[in-house]
> 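Quick one: structure below, then a few questions.
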Amino acid sequence: MTTALLTALLIVGFVWLSRGSGRRLGLIGAVGLILAFVALPFVGVIAARTDQGIAPTALALVGLYPALWLAPLLGLVAFAASLRASEKVSGVLLTLAGLAGVVTAFSFQQGADRFLTLHPVPGVLEVAFPLALAAALYLLTLGGRPTTGRARQTGILVTALAPLALAALLLSGLGASLFPQLRGYYQTGSAVSNTQSGLIVKDWALDISDYLQADVAKRAQDWKDTKAKLAAPAAGTDRAKQRKDYYDLADEFALQRRTPGDVTPLPTTIAAPDAMPPGFAPGPAASDAGVRRVIARSQEYGFQSWVLFSVLAFGGGLIALFRRRLLAPPVAGSVAAVQERRSELSSAVTLALVVVAVAAGFHSTGFNFRDLWVNWPWITDFWGRATPPDAAFLSDVMREMLITINIALIGTVVAAVFALPLSLLAARNLTQNSLLTRSFYFITRTFFNVDRGVDTLILALILVAAVGLGPFAGALAMAVHSVADLGKLYSEAIENADQGPIEALESAGAPGTSVVRWGLLPQVLPLFLSYTLYRFEINFRVSIVLGFVGAGGIGFLVNETMRGGGYPKAMTAIIVIVLVVNILDFISAAVRRRLV
């Protein structure tokens, strides 16, 4: 939550200092609050088994925490009012929505860990995905510059039929077999029944007698041992593990709202579920009966997004109220004012969606600065073992480096040879005259898209299995993938060429080969050479990675030395890689400047 809070404050501060639109910033926060409320995992919900735990949205928890309604409803009111209200009125509403979101988030964290039963809501994702597809298609086909005639009809047809087809697939039996996880994925919560409450109380007594008290004592001892280890000298790898243990234990104590190292005994019996200490899961019988427990302090990325958007709404509202914009606002009711308001609303929705997508990306990748800090001793330990570099290993490194350069060179040359004729078939301006050539255009473009979708590393893995270990597999994978990249670049250069010389030669009755030779190639050859050189740079960097899957070259050497603990040798190879990359970059840039 701290990261989200600081990020939001920095954004608000920047908008304040630059005298940007506070209402636009506040609307981003309001829309984001609504999205976080409906769609993002809010906090963790646990049960006796780890596979029974999920992370529901805030909307799924409002039956137990009604206060969660307040912020998104105020955000919705602020967004609707901004369609007609003045900037000051919008500022007041946005400030209230943001303040409600911040207060709700902090009070929720300090609130009770309630028990609930989750109920699947069928059809939510099966409808949400087609709606999202419809919105995306609308923006791509109809949301830009005005279209008329056949283009508009095609856009309307695609925007309507594609989502309907997706919805029909997801709701069908085939969709259920292909995407079984979608069925009932979205769930809402309600209070537990009296029978379930009895199971919670009974399970607690059994768990206390079995392991919970012993687990509390063991965790306290682990805390004491970890702190003692951190106070003593240790190697980098050991220190990283000790730090991880320290923070993991601190998180467990925080979720249970106990002071780190606390050995206070747990109650042996409880009269009601609410008497169970915070942070503990319901027992096996209660969990199997559908009981889950909300851990109020276990923040998911939806909770952090909630805090981020709340501060943006609050700060944007204050800016709209008290900070004069750099440019005076247009006259109320004028065309410029209407256009500005529409721009603010559309950009707020777009940017809020982008922030949500980025937040989901951070969550799915596990991006975490604390983990980097925790494991930093391992990095420093590696650096100590890898320096000074082993200069005696330089001859082996240069031999493998030469192989790597040749892999990239041969892969690029072979790809360019095949990409040149294919690019002629993939250029729209050269293939629009007959049905046969248009068919070639479609086939070639489809091949380029498919080929570019398969990464070079995947091709290398396949080809290493097919032709064996060594640089041949790497060069072949490089060539196959680069054909599509170069072909696409070549074809776009052809499409952007001046049509005057081509049309002049065609009107004079010149054959197609002459038209290409004298009217087209003189224009595009410099670009072809520039693109090829640029692709060679990329292929060289990629060829280093191919060695890690057995495709030969310097990457294979680095992998083997690292696995064998030869860190000084690996450091020598890394230094050579950095130097060669920079040398090739300068040479390629100089050649491209002469060509284009």
Side-chain angles (χ1 to χ4, degrees), residues 397-423 426 444-445 447-494 524-560 570 573-596:
V397 170
M398 295 307 299
R399 182 185 68 249
E400 297 300 323
M401 176 58 71
L402 183 61
I403 293 175
T404 301
I405 294 174
N406 286 330
I407 290 173
L409 178 63
I410 298 304
T412 306
V413 169
V414 172
V417 169
F418 284 94
L420 180 57
L422 289 174
S423 65
T444 308
R445 281 282 181 166
F447 165 71
F448 285 169
N449 291 333
V450 172
D451 190 15
R452 292 170 66 237
V454 182
D455 190 77
T456 314
L457 191 63
I458 298 174
L459 290 171
L461 285 169
I462 297 171
L463 292 171
V464 163
V467 302
L469 298 172
F472 174 55
L476 193 58
M478 197 76 64
V480 172
H481 184 78
S482 298
V483 164
D485 284 325
L486 287 176
K488 186 174 187 298
L489 291 172
Y490 290 174
S491 64
E492 290 178 352
I494 293 171
V524 298
L525 272 180
L527 287 174
F528 284 7
L529 292 174
S530 177
Y531 292 151
T532 305
L533 283 171
Y534 183 65
R535 188 66 216 177
F536 170 69
E537 292 181 47
I538 297 174
N539 284 347
F540 173 72
R541 293 174 175 85
V542 174
S543 63
I544 296 171
V545 181
L546 295 186
F548 283 83
V549 296
I554 192 71
F556 183 77
L557 185 66
V558 172
N559 187 36
E560 291 300 306
I574 292 171
I575 292 173
V576 171
I577 289 171
V578 173
L579 291 175
V580 173
V581 165
N582 282 275
I583 291 171
L584 289 178
D585 178 71
F586 287 126
I587 294 174
S588 178
V591 174
R592 284 201 305 274
R593 281 195 300 269
R594 292 178 179 273
L595 292 174
V596 181

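Bear in mind the structure is a predicted one, so any value in this text is a computation, not a measurement. We count residues from 1, following the sequence as given.
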> Any side-chain heavy atom of Phe448 within less than 4.5 Å of one from Leu422?
yes
> Out of Arg399, Glu400, Met401, which one pairs with Leu557 under the side-chain contact (heavy atoms from CB on, under 4.5 Å) rule?
Glu400
> Which heavy atom of Gly487 sits nearest to which heavy atom of Ala419, and what is that distance?
N-CB, 3.6 Å
> Starting at NZ of Lys488, measure out to CG of Asp451 and round the result to the nearest 0.5 Å.
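With rounding to 0.5 Å, NZ (Lys488) is 13.0 Å from CG (Asp451).
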> Considering all heavy atoms of both residues, which atom of Ala426 and which atom of Arg445 are nearest to each other, and what is their separation?
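Result for this residue pair: O-NE, 3.0 Å.
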> To the nearest 0.5 angstrom, please state how far the CG atom of Leu457 sits from the CD1 atom of Ile462.
10.5 Å
> Between the side chain of Asp585 and the main-chain N/O of Val581, is any donor-acceptor distance below 3.5 Å?
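Such a contact is absent between Asp585 side chain and Val581 backbone.
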> To the nearest 0.5 angstrom, please state how far the CG atom of Asn449 sits from the OG1 atom of Thr444.
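Going from CG on Asn449 over to OG1 on Thr444, the span is 11.0 Å.
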> Does the side chain of Val576 come within less than 4.5 Å of Ile554's, by heavy atoms?
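Result no, sub-4.5 Å side-chain heavy-atom pair not found.
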> What distance separates Tyr531 OH from Asp485 CG, expressed to the nearest 0.5 Å?
12.5 Å
> I need the minimum non-hydrogen distance between Phe540 and Val580, along with the two atoms involved.
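Heavy atoms only, the tightest pair is CZ-CG1, 3.5 Å.
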> Rounded to the nearest 0.5 Å, how far apart are OG1 of Thr456 and CG of Leu463?
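Going from the OG1 atom of Thr456 to the CG atom of Leu463 covers 10.5 Å.
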> More than 12 heavy atoms of other residues, nucleotides or ligands under 6.0 Å from CZ of Phe418: yes or no?
no
> Which distance, rounded to the nearest 0.5 Å, do you find between the OG1 of Thr412 and the CD1 of Ile407?
11.0 Å
> So, for Met478 and Leu546, which heavy atoms are closest and what is the spacing to 0.1 Å?
CE-CD1, 3.5 Å
> Could you tell me if the side chain of Leu486 sits less than 4.5 Å from the side chain of Tyr534, heavy atoms only?
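They are not in side-chain contact.
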> Can a donor-acceptor pair be found, under 3.5 Å and without considering hydrogens, that links the side chain of Ser482 to the backbone of Ala415?
no
> Mind checking whether Tyr490 and Thr532 have side chains closer than 4.5 Å, heavy atoms only?
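Yes, their side chains come closer than 4.5 Å.
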